[in-house]
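Report on the structure given below.
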Amino acid sequence: LVNFTATSGYTEYIPFVIIGFAFQAVIMNSVWSGANGIRNEQQLGTAEAVFVTPSSKVAWMLGKTAGTIVVALVGTAVVITVGTLTLSFVLTAVPDVLTVVAGVLLTLVGMTAFSFALAGLTFLAKRAEDINQVLWTSMVFFTGLAFPVEALPQWAQLIAWTFPVTHGLAITRGGV
């Protein structure tokens, strides 16, 4: 427990992990909604028609991801509410709402950009599920969702800080 407190700044594991898992919905939906949207269009045979229409492809991708991101934000609120009611998750201080909102929004922007790159890879590889499995496992391990990034070896911390999620979690946890 002393080592956990020293590396995470939290005296208990439950608040630390509830914030991580609350973030999980935001991460998953912002990253994979674009890739899954492209893959679904491919499977339906409509991807080519979408790409040749004289409209903004960025707006189309943002439209594909917007609904799932809203659902993810609701999921985040549900995880925090359930954690508060059933797991005795209590904030130790008054949260800095502006910092929390900034952390979540910056993560959404960073991970949505990441989603665009992943969508391109999915379009070429046509293996969204396989790519998602490898990437999700890596993100859980490297981003601080389940344990402090500072507990990782130095080489793994360097990888961890390349993910926008790691920064967003650090900002958000700093606000609560």
Side-chain angles (χ1 to χ4, degrees), residues 17-83 95-146 149 156 158-176:
V17 81
I18 283 179
I19 294 168
F21 285 118
F23 233 69
Q24 172 184 328
V26 174
I27 296 163
M28 288 182 70
N29 284 296
S30 63
V31 171
W32 286 292
S33 59
N36 288 335
I38 293 250
R39 186 65 187 131
N40 289 341
E41 294 291 342
Q42 279 181 317
Q43 290 173 329
L44 294 171
T46 56
E48 292 78 11
V50 168
F51 292 143
V52 297
T53 59
S55 61
S56 169
K57 305 317 176 251
V58 172
W60 175 78
M61 280 291 290
L62 289 173
K64 286 291 228 184
T65 62
T68 57
I69 289 173
V70 169
V71 170
L73 291 172
V74 170
T76 298
V78 168
V79 168
I80 290 173
T81 302
V82 169
D96 180 354
V97 176
L98 190 58
T99 299
V100 171
V101 168
V104 171
L105 288 178
L106 288 171
T107 301
L108 283 173
V109 169
M111 295 312 290
T112 300
F114 193 73
S115 175
F116 281 28
L118 185 60
L121 179 62
T122 300
F123 187 73
L124 294 174
K126 296 176 178 43
R127 303 292 301 196
E129 297 80 19
D130 295 339
I131 294 168
N132 290 349
Q133 258 186 337
V134 171
L135 188 59
W136 178 243
T137 305
S138 301
M139 289 179 73
V140 167
F141 182 78
F142 285 110
T143 61
L145 285 170
V149 171
L158 293 173
I159 294 170
W161 290 107
T162 63
F163 287 103
V165 175
T166 308
H167 298 278
L169 269 170
I171 292 168
T172 303
R173 283 190 175 122
V176 294

Test Thr107 against Leu169 for side-chain contact (heavy atoms from CB on, under 4.5 Å), laying out the working first.
-> CA-CA 8 Å; Thr107 301; Leu169 269 170; over 6 Å; no

- [ ] Check whether more than 12 heavy atoms from other residues, nucleotides or ligands sit under 6.0 Å from atom CG of Leu98, and answer yes or no.
- [x] no

Phe141 meets the ring-ring contact (aromatic ring centres under 6.0 Å, His included) criterion, sequence neighbours left out, with Phe147

For Val79 and Ile18 the tightest heavy-atom approach is CG1-O, 4.0 Å

Closest non-hydrogen atoms of Trp161 and Ala170, given as atom of the first, atom of the second and distance, are CH2-CB, 4.1 Å

Rounded to the nearest 0.5 angstrom, the CG-CD1 distance for Leu145 and Ile19 is 11.5 Å

To the nearest 0.5 Å, atom OG1 of Thr143 lies from atom CD1 of Ile159 at 12.5 Å

